[in-house]
Number of protein chains: 2
Amino acid sequence: MNLKQLSHMLALSQTTVSRALNGYPEVNEETRRRVIDAAKRHGYRPNPSARRLATGKTGMIGYVLPTGTAVDIDPHFVEFLSGLGDYARSHELDLVLSPADADDQETTYRRIVANRQVDAVYISSPRPADRRVALVSTLGIPFIVHGRSEGLDFDYPFTDIDNEGAFHEAARLLIQLGHRRLALINGDDRETFAIHRERGVRRALAASGLELGEGHVCSLAMTEENGYRAARRLLERSDAPTAIACSSLIMALGVVRAVRDLGLTIPSDLSLIAHDDVFPWLKPENFSVPLSTTRSSIRLAGARVAERLAARISGLEEGARGEVWPVDLVIRGSVAGAPG
Amino acid sequence: MNLKQLSHMLALSQTTVSRALNGYPEVNEETRRRVIDAAKRHGYRPNPSARRLATGKTGMIGYVLPTGTAVDIDPHFVEFLSGLGDYARSHELDLVLSPADADDQETTYRRIVANRQVDAVYISSPRPADRRVALVSTLGIPFIVHGRSEGLDFDYPFTDIDNEGAFHEAARLLIQLGHRRLALINGDDRETFAIHRERGVRRALAASGLELGEGHVCSLAMTEENGYRAARRLLERSDAPTAIACSSLIMALGVVRAVRDLGLTIPSDLSLIAHDDVFPWLKPENFSVPLSTTRSSIRLAGARVAERLAARISGLEEGARGEVWPVDLVIRGSVAGAPG
DNA sequence: AGAGTCTTCCAAAGCGCTTTGGCCTTTCCA
DNA sequence: TGGAAAGGCCAAAGCGCTTTGGAAGACTCT
């Protein structure tokens with residue numbers, strides 16, 4: 001059932017039927033009702049391929065997925081996706097993932113824009129002066145950045161969490177508890193979130209005349225193994241930290257394992273706070289010693305990004321407003337006063 | 001730069017240019033070279049919207065993503081996606097995720113097929129007599145099932161791993177080591193993979209005149225917490241198992257925690273084998289006691305599914321061939337002879 | 001009553017590609 | 001040397017929708 005057939009059986013022109021269906025004003029309400037009714041009864045759905053050829057609108061949002069045998073998509077992505085999908089569903093939006101060579105995403109961005117394959121895109125895990133943000137901005141497609149990029153000479157719309165504030169609070173708490181030697185087990189420090197977290201920790205330390213000791217900050221891909229290695233390396237030092245802030249729950253698993261292997265105990269030998277993106281399958285309260293966290297649902301962020309993308313597509317949102325969400329600090333058993 | 005302009009500047013008809021570019025035989029090789037050369041020089045890329053309107057081909061593969069606030073996408077998905085994306089990239093395929101109400105995916109399948117939004121789809125986590133498989137089959141769109149569905153009265157193409165064989169081997173090993181009371185901590189037993197794994201364990205036990213004791217099999221969503229609870233419940237029984245087979249590494253984390261909480265030791269009090277889908281961020285060899293596993297890379301499966309989808313789209317693959325991949329049994333420190 | 005203004009609808013021109021059907025040359029073979 | 005077959009190209013008709021530029025009729029106003 002296409003427009004031609006439908007308009008024919010209604011004895012109306014395609015123009016009128018199309019307008020009736022798309023809510024244009026220049027059509028009699030009575031006629032509109034007839035059209036809408038007939039469309040529903042015959043299950044008419046406009047062919048999206050035809051519509052997009054005519055309008056350029058696709059009803060899809062895009063994401064360039066970095067791939068490569070050496071590239072791992074991290075598990076945060078799936079939680080983000082849950083939120084995004086949840087919103088997208090209720091707005092009839094589909095998501096298209098365009099796999100790209102991790103080292104050459106530009107080509108793919110250009111392609112999906114030139115081909116008008118999607119109405120908007122989002123960018124995640126931005127880095128300082130992120131080229132993707134600059135690119136997408138000049139290409140003129142609506143977009144939202146999940147996270148932030150610093151060092152760009154223009155504003156852009158983003159949704160981020162207050163990573164610096166979160167880790168500042170976490171570090172401040174540890175300092176208040178008497179800790180003097182803190183360490184940070186961070187994610188890849190080429191990414192802005194990691195930079196912000198380190199900044200937060202340093203600021204808290206500086207406020208008390210302290211600093212992050214040489215070698216007391218590690219930046220690694222957020223795997224359990226890296227968490228273990230980093231913790232082990234830190235704790236075997238002569239100036240071992242008495243408290244660790246850790247960028248991920250998965251790394252925290254490794255930290256806990258290292259602590260145990262070394263015959264130490266949390267929190268009496270080591271206080272630990274980790275960032276929790278809220279996974280359904282791994283919860284900080286279920287760590288052998290319940291883990292204190294800085295908590296922010298990455299799933300909600302996904303839903304919010306989808307919402308803003310939808311708003312931008314329909315012209316409801318404009319400009320370069322950035323929003324920063326506060327992060328909860330949740331105290332559990334893994335922190336205590338400094339030993340000794 | 002569109003076809004019209006390109007053909008005009010080549011002083012050829014659109015027909016010829018189109019044919020030259022698409023490799024049709026009825027065009028002079030000399031002409032073809034000229035056309036291809038000019039197209040490359042001017043960066044001509046056929047508009048996909050126009051092409052799909054004309055041909056119905058989209059260059060995209062689809063996946064219906066179940067969503068809902070109560071629905072969690074599991075982290076396996078992201079690894080599968082890595083493999084899929086890796087293959088798709090090298091073949092200029094995009095992936096479109098269509099979010100759907102988890103309880104009504106049918107509408108979405110019908111939509112994406114009716115609208116010709118994708119050239120093929122894949123289905124994951126199938127259940128016995130899975131309605132999606134039946135639906136997609138009657139809708140007549142190329143598809144591959146990742147996993148298997150039993151109880152359908154027709155054949156269909158799938159790629160699966162030998163879950164039954166894997167857990168049969170695992171159980172057989174444990175039995176050989178003298179274990180008599182085995183337990184299985186499984187995933188959701190509405191899904192085929194879980195059913196197959198249970199079947200494998202039972203078959204191995206039966207071969208030695210044993211069986212899975214009443215209450216010695218748990219089927220739960222694969223979270224750390226559920227692994228803990230299940231293990232705890234099992235180990236506190238008077239007829240506690242001396243060995244556990246576990247369907248996921250994440251659940252195994254919980255099992256290990258439970259064992260520790262109860263003051264028991266692996267492997268002297270309990271032998272443990274878990275299934276490993278090969279995550280980059282959590283490795284069985286890094287468990288406090290290195291974990292024996294049945295191993296199969298879900299990432300490779302993703303790449304294989306993409307490959308078969310591409311083959312089906314281009315007509316290179318037909319029919320309902322199912323393929324079952326063997327699973328590696330990897331012995332590490334978490335298994336030992338039965339205690340006592 | 002005539003001019004102007006809405007209201008409501010339509011014919012037709014795109015959007016940019018593929019594909020059908022056909023036309024003009026060459027080439028081949030009896 | 002004539003007819004068939006093959007090679008190489010083109011004009012035009014779709015694909016199914018949106019949108020432009022009217023046009024006809026009804027209504028208002030002076």
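Chain identifiers are assigned alphabetically (A, B, ...) following the order of the sequence lines, protein sequences preceding nucleic acid strands; residue numbering begins at 1 within each chain.
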If you look only at pairs with a residue in [range], which of them pass as a salt bridge (charged side-chain N to carboxylate O under 4.0 Å, His left out), with sequence neighbours excluded?
range	result
residues 127-140 of chain A	E106(A)-R131(A), D130(A)-R132(A)
residues 42-53 of chain B	R45(B)-E92(B)
residues 64-82 of chain A	D72(A)-R299(B)
residues 137-150 of chain B	R148(B)-D160(B), E150(B)-R199(B)

(request) Go through the structure and list residues passing salt bridge (Lys or Arg N to Asp or Glu O under 4.0 Å) with E307(B), not counting sequence neighbours. (result) R304(B)

(message) With a 4.0 Å cutoff (strictly under), does any side-chain N or O of S49(B) reach OP1 or OP2 of dC15(C)?
(response) no

(message) I want to check one thing: is the phosphate of dC17(D), taken as OP1 and OP2, less than 4.0 Å away from some side-chain N or O of N47(A)?
(response) no

(request) Calculate, to the nearest 0.5 Å, the distance between atoms CG and CG belonging to L97(A) and L84(B) respectively. (result) 9.0 Å

(message) Rounded to the nearest 0.5 Å, what separates atom CG in D119(A) from atom CD1 in I61(A)?
(response) 9.5 Å

(message) Using a heavy-atom cut-off of 4.0 Å across all strands, would you classify A20(A) as base, sugar-phosphate, or nothing?
(response) nothing

Spacing of [X] atom [atom1] relative to [N] atom [atom2], expressed in whole Å:
X	N	atom1	atom2	answer
N115(A)	dC17(C)	CG	C1'	13 Å
R33(B)	dG8(D)	CZ	P	12 Å
K4(B)	dC10(D)	NZ	P	16 Å
H8(A)	dG16(D)	NE2	P	16 Å
L21(B)	dC17(C)	CG	P	10 Å
Q5(B)	dC17(C)	CD	C1'	14 Å
N2(B)	dG14(C)	CG	P	13 Å
E29(B)	dG8(D)	CD	P	9 Å

(request) Using the six-membered ring wherever Trp is involved, compare the ring planes of Y63(A) and Y122(A) and label them parallel, tilted or perpendicular (cut-offs 30° and 60°). (result) parallel

(message) If the helix axis at each end comes from five base pairs, how far does the helix from dA1(C)-dT30(D) to dA30(C)-dT1(D) deviate from straight, to 10°?
(response) 40°

(message) Run the ring pair (Phe, Tyr, Trp, His ring centres under 6.0 Å) test against F158(A) and tell me which residues pass, sequence neighbours left out.
(response) Y156(A)

(message) Going by ring pair (Phe, Tyr, Trp, His ring centres under 6.0 Å), name the residues that satisfy it together with F279(A), two or more places apart in sequence or in a different chain.
(response) H76(A), W281(A)

(request) Select one nucleotide: of dC9(D), dC9(C), dC10(C), the one nearest the side-chain heavy atoms of L12(B). (result) dC9(D)

(request) Nearest-nucleotide wise, let me know which of A11(B) and L53(B) is further upstream toward the 5' end of DNA chain D. (result) A11(B)

(message) Please enumerate all residues that pass side chain to side chain donor-acceptor pair (under 3.5 Å) together with E317(B), with sequence neighbours excluded.
(response) R308(B), R312(B)

(request) Could I get the full list of side chain to side chain donor-acceptor pair (under 3.5 Å) partners for Y87(A), not counting sequence neighbours? (result) H91(A)

Using a cut-off of under 3.5 Å, enumerate the N/O to N/O pairs linking the protein to nucleotides 26-28 of chain C.
none

Output one line per pair: protein atom, nucleotide atom from nucleotides 18-20 of chain D, and distance, for all N/O pairs under 3.5 Å.
from, atom 1, to, atom 2, distance (Å)
dT18(D), OP1, N22(A), ND2, 3.0
dT18(D), OP1, R51(A), NE, 3.1
dT18(D), OP1, R51(A), NH2, 3.0
dT18(D), OP2, S18(A), OG, 2.6
dT19(D), OP2, Y24(A), OH, 2.5
dT19(D), O4, T15(A), OG1, 3.1

